[in-house]
Amino acid sequence: MKKIIIQKGLFLDKIAYIKDDILKKLKITDKNQPYFEKDIFIAKKKKQNISMSSLSLSLDENTDGFMHYYGKDNFEYKLCQIKKIYNNEKNPKLTDEITLVGKYIIYIKGSSGLSISNKSKDDEIIETFKNAINPSILSDTKIILRSNCTKDDIHSAISETEEFDKIYAQIKLKAKLTSKPQLLYRQYESEELFLSKLNTDIDELIINDKQTADRLKRSSFKIDNIICKNENLFEKNLINTQIDALLSDKISMQNGINLYIQKTEAMYVIDVNSAGYFKYKDKNKNAHHINSIAIPEIAKQIMLRDLSGIILIDFIEMNDDKLAKNLINQMNTQLENDDRKSSVVSITKLSLMQIIRKKEDLSISEILLDKNFTKLYSVEYIFEQISEKLSNMQITDEENLEQIKSVKIHIPTFESEKTNKYIKILEEKYSIKIIPDYLKKSDFNIKIH
């Protein structure tokens with residue numbers, strides 16, 4: 001059973017992919033975030049750094065981006081697309097290779113050629129597609145056949161390619177007619193982008209927003225059953241509890257084995273701690289056994305938390321090259337289901353494994369934790385929790401709702417212009433007066449009186 005749960009909120013939108021009752025993938029979107037990965041712009045050149053082979057470009061009046069650029073063309077405006085988004089002062093990374101993602105193909109303008117997903121098992125499909133496609137398209141466009149594309153889907157893949165060719169032509173025309181930097185095209189909203197990356201048929205989708213449900217019913221994604229329910233779906237399905245666990249540094253496993261996940265400026269570090277557990281007298285064999293138990297959980301945490309960049313795993317030390325290679329094979333197997341490009345680079349004699357995982361979006365902790373205070377939740381996450389609690393109050397106290405004129409809420413963050421704005425949004429939404437009690441010392445819990 002493959003199920004999607006979408007909870008549209010006031011401050012955050014949350015999406016979960018559940019397969020056979022196990023949470024496999026999670027996406028949380030800040031509703032204040034103006035732009036997303038894969039958004040296409042006509043951008044204005046601000047500055048070119050020849051020594052760094054880079055460009056600084058204005059995406060609009062408030063947002064700049066940067067792009068690696070090796071050309072010497074003189075231009076004022078450039079068509080570009082967001083490649084990566086960061087959670088700090090660093091501007092979004094851009095590319096001038098425009099990518100459109102379909103069900104069967106990935107269309108990349110500004111490159112050329114034809115290839116197939118590394119996860120696909122059918123190499124012969126390339127020749128079938130090549131013989132059917134207009135060869136002029138491949139001269140300035142790279143087509144990647146996705147893993148779910150079979151010989152039976154060739155006609156659909158060709159149609160998708162031709163449709164993307166028309167869309168790109170429309171984007172180019174719009175760019176020529178535009179006199180200021182701005183967003184030109186967003187292929188998918190956050191829910192659809194999530195589904196496009198997931199790239200699998202869904203048995204059931206449950207959502208709390210009718211408008212989004214209607215839009216998804218009209219989309220090309222194959223969803224057998226779409227259900228709209230006006231309730232707190234993440235709370236009811238215990239996903240909020242799992243989100244809280246994903247924000248913890250420590251993961252407790254069977255037999256007392258623990259994982260510790262921490263972020264540095266340069267990388268993520270995952271430490272495997274045996275807590276004294278042993279099964280075999282042989283030191284190397286016992287260490288390999290513990291490490292093998294940890295690998296599935298490590299892969300799961302990497303994907304659920306959406307860790308990216310350099311990930312260093314400090315395994316229990318083994319002095320055996322054969323066992324070390326076995327760990328690499330195990331990790332590669334676990335990462336096969338990752339929709340993000342990732343690879344095990346090496347493992348040292350001290351059993352330090354290095355993984356490189358492509359960064360495309362913000363991690364769960366970057367979205368839900370305050371970037372300036374490691375133990376403080378982001379303002380959006382705090383106010384989404386408050387909104388959910390107030391919503392639950394409305395459901396459980398419906399008879400007495402008219403008597404509730406004001407609530408006092410302890411808000412575990414610092415007062416700011418943004419928090420006061422969010423309070424007004426809540427007051428309007430729930431028709432109440434909120435008396436805020438902001439952060440004091442180490443009291444990080446929301447309390448509603």
Side-chain angles (χ1 to χ4, degrees), residues 4 6 13 15 17 25-43 55 57-60 62-69 78-87 90-111 115 117 140-148 157 160-161 163-172 174-175 178 181-200 212 215-216 219-221 306 308-309 338-342 357-364 366-367:
I4 297 284
I6 302 176
D13 289 339
I15 312 174
Y17 169 52
K25 189 173 176 61
L26 190 65
K27 174 63 184 170
I28 299 177
T29 304
D30 182 349
K31 301 193 86 155
N32 283 326
Q33 186 176 328
Y35 303 126
F36 300 92
E37 174 208 349
K38 298 286 192 291
D39 281 356
I40 299 172
F41 296 82
I42 182 68
L55 284 174
L57 302 119
S58 294
L59 303 180
D60 61 16
N62 304 311
T63 312
D64 292 340
F66 79 95
M67 178 172 68
H68 293 304
Y69 185 73
K78 193 165 190 66
L79 191 64
C80 58
Q81 185 173 38
I82 290 182
K83 190 174 183 179
K84 295 180 185 177
I85 293 177
Y86 301 95
N87 192 42
K90 198 172 183 180
N91 294 326
K93 184 177 181 180
L94 310 173
T95 178
D96 56 1
E97 289 189 345
I98 306 301
T99 300
L100 299 172
V101 180
K103 183 176 181 180
Y104 301 106
I105 70 158
I106 296 174
Y107 174 103
I108 307 173
K109 205 73 175 181
S111 189
S115 63
S117 166
D140 64 349
T141 308
K142 183 175 182 179
I143 304 295
I144 301 174
L145 301 177
R146 302 192 73 179
S147 57
N148 67 324
E160 228 172 34
T161 304
E163 179 64 23
F164 285 164
D165 234 26
K166 292 177 185 176
I167 290 173
Y168 180 76
Q170 292 168 0
I171 294 170
K172 286 280 286 185
K174 191 174 180 180
T178 302
Q182 60 183 281
L183 175 69
L184 292 182
Y185 184 76
R186 175 174 291 164
Q187 185 180 6
Y188 295 127
E189 295 300 327
S190 59
E191 301 84 16
E192 296 161 317
L193 184 60
F194 184 90
L195 288 166
S196 74
K197 289 184 176 183
L198 203 58
N199 198 29
T200 187
T212 307
R215 190 180 77 238
L216 291 173
S219 73
S220 60
F221 299 104
D306 208 354
S308 59
D338 190 6
D339 64 2
R340 193 77 55 81
K341 185 178 180 181
S342 55
R357 187 169 187 261
K358 185 179 179 183
K359 182 176 180 67
E360 292 179 354
D361 211 339
L362 303 179
S363 69
I364 293 298
E366 286 175 324
I367 295 168

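Positions are given from 1 along the sequence.
A side-chain N or O of Asn199 and one of Asn148 form a donor-acceptor pair less than 3.5 Å apart. Using a 3.5 Å distance cut-off with no hydrogens or angles, the side chains of Asp96 and Tyr69 do not pair a donor with an acceptor.
The residues Glu189 and Arg215 are annotated as not salt-bridged, no charged nitrogen and carboxylate oxygen being separated by less than 4.0 angstrom. Checked for salt-bridge contact, Glu37 and Lys93 miss the test: no charged N lies under 4.0 Å from a carboxylate O. Taking 4.0 Å as the cut-off between side-chain N and carboxylate O, Asp361 and Lys27 count as a salt-bridged pair. Looking at Asp338 and Arg357, a side-chain N of the basic residue comes within less than 4.0 Å of a carboxylate O on the acidic one, giving a salt bridge.
Ring pair Tyr168/Tyr107 is tilted by interplanar angle, where 30° to 60° counts as tilted.
In this structure a side-chain-to-backbone donor-acceptor pair under 3.5 Å is present from Gln81 to Thr99. A distance-only check finds a donor-acceptor pair linking the side chain of Thr95 to the backbone of Glu97 [under 3.5 Å]. No donor-acceptor pair under 3.5 Å is formed between the side chain of Arg146 and the backbone N or O of Ser117. Side chain of Glu160 to backbone of Lys103: a donor-acceptor contact under 3.5 angstrom is found.
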Exercise. Using the side chain to side chain contact (heavy atoms under 4.5 Å, CB included) rule, take Leu59 and Asp64 through it: C-alpha gap first, then chi angles, then the decisive distance, then the call.
Key: CA-CA 5 Å; Leu59 303 180; Asp64 292 340; over 6 Å; no
Exercise. For Leu26 and Ile364, run side chain to side chain contact (heavy atoms under 4.5 Å, CB included): C-alpha distance rounded to whole Å, both residues' side-chain angles, the deciding distance at 0.1 Å, then the answer.
Key: CA-CA 8 Å; Leu26 190 65; Ile364 293 298; 4.0 Å; yes
Quiz item: Can you check salt bridge (charged side-chain N to carboxylate O under 4.0 Å, His left out) on Lys25 and Asp306, steps first, answer last?
Solution: CA-CA 9 Å; Lys25 189 173 176 61; Asp306 208 354; 5.4 Å; no
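Between Asp39 atom CG and Arg186 atom CZ the span is 4.0 Å, to the nearest 0.5 Å. Distance CD1/Ile40 to NZ/Lys109: 12.0 Å, rounded to 0.5 Å.
Side-chain atoms of Ile105 and Ile144, non-hydrogen and from C-beta on, never get closer than 4.5 Å to each other. Using a 4.5 Å cut-off on side-chain heavy atoms (C-beta onward), Asp60 and Leu183 make no contact.
Aromatic ring centroids of Phe221 and Tyr188 lie under 6.0 Å apart.
The shortest heavy-atom contact between Ser190 and Ile15 is O-CD1, 3.9 Å.
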